Amino acid sequence: MIQEIVKQNGKLHPMTVYKYFRRYWQQGKIINALLPNYEATGSKERNFVEKKPGAKPLYAENKGVPLTREVKKQFDQVLNKYYKKEGYPTLRHVHEQLIKQYYSDEYFRNGKKELIPRPNRPTLKQLKHYNAKYHNTSEDRKKRIGSKK
């Protein structure tokens with residue numbers, strides 16, 4: 001049957017015809033089985049442990065950190081604590097709280113406590129991207145704004 005189809009068309013390779021037949025049979029003998037299988041393309045969630053992906057910023061003093069599981073857990077904790085509450089907290093405020101909580105060192109100068117941020121810390125852009133990718137849902141908006149609004 002495959003050889004007859006190849007002879008009639010002339011442009012198809014036998015393996016291509018076989019691939020289409022196999023997909024058609026495996027996916028329930030429906031015509032939509034021949035549509036492109038886009039959900040099977042692309043890569044899975046990547047975990048950058050050693051270094052951050054992408055180009056390095058030229059003029060910023062803080063280059064950011066790789067998003068490991070620990071950093072993602074910190075993002076989740078600060079977003080849940082400061083961002084998902086009634087009122088309109090900004091992501092800039094949440095980022096400041098993140099730096100104060102996890103990425104600052106305490107120094108005492110003249111009897112006063114000062115927090116000095118570490119050089120390697122997550123950037124605001126990293127937090128915004130993480131929030132948009134994992135936390136920007138309608139339920140989160142309801143927590144921030146209220147269900148009536």
Side-chain angles (χ1 to χ4, degrees), residues 2 11-149:
I2 292 175
K11 295 180 183 178
L12 292 174
H13 191 272
M15 286 306 293
T16 306
V17 177
Y18 177 74
K19 179 181 76 172
Y20 287 135
F21 268 125
R22 183 179 175 129
R23 189 186 304 172
Y24 177 75
W25 291 325
Q26 284 181 340
Q27 295 183 12
K29 297 182 183 176
I30 56 174
I31 196 70
N32 285 343
L34 301 176
L35 292 174
N37 198 2
Y38 288 120
E39 61 270 358
T41 62
S43 63
K44 303 289 184 226
E45 181 71 23
R46 298 183 292 175
N47 192 7
F48 296 99
V49 179
E50 296 87 29
K51 65 177 196 166
K52 222 171 69 108
K56 305 294 179 242
L58 295 176
Y59 303 109
E61 66 180 50
N62 179 19
K63 311 278 188 208
V65 295
L67 289 183
T68 60
R69 286 189 191 114
E70 181 182 331
V71 175
K72 290 178 181 182
K73 187 176 178 182
Q74 293 169 354
F75 279 178
D76 288 333
Q77 288 173 352
V78 217
L79 285 168
N80 288 333
K81 185 175 182 180
Y82 296 107
Y83 195 62
K84 295 181 185 178
K85 63 180 184 180
E86 190 88 21
Y88 298 100
T90 62
L91 279 174
R92 186 174 300 277
H93 171 71
V94 174
H95 182 255
E96 290 170 2
Q97 298 304 318
L98 172 77
I99 300 303
K100 282 181 188 176
Q101 244 179 341
Y102 297 108
Y103 296 96
S104 293
D105 295 323
E106 291 182 4
Y107 289 103
F108 289 95
R109 204 178 279 174
N110 298 332
K112 292 185 179 181
K113 182 173 89 170
E114 290 185 20
L115 292 175
I116 298 181
R118 295 183 199 140
N120 293 335
R121 60 187 184 271
T123 61
L124 177 62
K125 188 174 180 180
Q126 285 179 306
L127 181 66
K128 284 181 180 180
H129 175 75
Y130 184 80
N131 180 51
K133 188 170 183 179
Y134 296 108
H135 288 277
N136 202 4
T137 62
S138 59
E139 295 169 10
D140 295 340
R141 274 186 240 112
K142 284 179 187 176
K143 287 179 184 176
R144 290 187 67 227
I145 299 170
S147 59
K148 289 184 181 179
K149 289 184 182 179

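What you see is a predicted model; the values in this text were computed from it and never measured.
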Are [X] and [Y] side-chain neighbours, meaning at least one heavy-atom pair lies under 4.5 Å?
X    : Y    : result
R23  : Y18  : no
V71  : P122 : yes
K113 : Y107 : no

Just wondering, more than 12 heavy atoms not from [X] lying within 6.0 Å of its [atom1]?
X    : atom1 : value
E70  : CD    : no
H129 : NE2   : no
I31  : CD1   : no

Distance in Å, [X] [atom1] paired with [Y] [atom2], rounded so as to fall on 0.5 Å steps:
X    : Y    : atom1 : atom2 : answer
Y130 : L67  : OH    : CG    : 8.5 Å
Y83  : L98  : OH    : CG    : 14.5 Å
K125 : T123 : NZ    : OG1   : 7.5 Å
N37  : Q27  : CG    : CD    : 6.0 Å
K128 : R92  : NZ    : CZ    : 6.0 Å
H95  : R121 : NE2   : CZ    : 7.0 Å

Exercise. Answer with yes or no whether the side chains of Y134 and D76 bring together a donor and an acceptor at under 3.5 Å.
Key: no

Would you confirm whether [X], through its side chain, and [Y], through its main-chain N or O, come within 3.5 Å as a donor-acceptor pair?
X    : Y    : answer
Q126 : V65  : yes
R118 : Y102 : yes
S104 : I99  : yes

Exercise. Go through the steps for F21 and T16 under the test side chain to side chain contact (heavy atoms under 4.5 Å, CB included), then give the verdict.
Key: CA-CA 9 Å; F21 268 125; T16 306; over 6 Å; no

Practice problem: Would you name the heavy atoms of I2 and P14 that are closest together and state the gap between them? | Solution: CG2-O, 3.8 Å

Exercise. Tell me, with the steps shown, if K81 and Q101 meet side chain to side chain contact (heavy atoms under 4.5 Å, CB included).
Key: CA-CA 12 Å; K81 185 175 182 180; Q101 244 179 341; 3.7 Å; yes

Practice problem: Would you sort out whether N131 and L91 count as a side chain to side chain contact (heavy atoms under 4.5 Å, CB included), showing the intermediate values? | Solution: CA-CA 9 Å; N131 180 51; L91 279 174; 3.7 Å; yes

Quiz prompt | Y24 vs L34, side chain to side chain contact (heavy atoms under 4.5 Å, CB included): CA-CA, chis, key distance, verdict | solution = CA-CA 6 Å; Y24 177 75; L34 301 176; 4.1 Å; yes

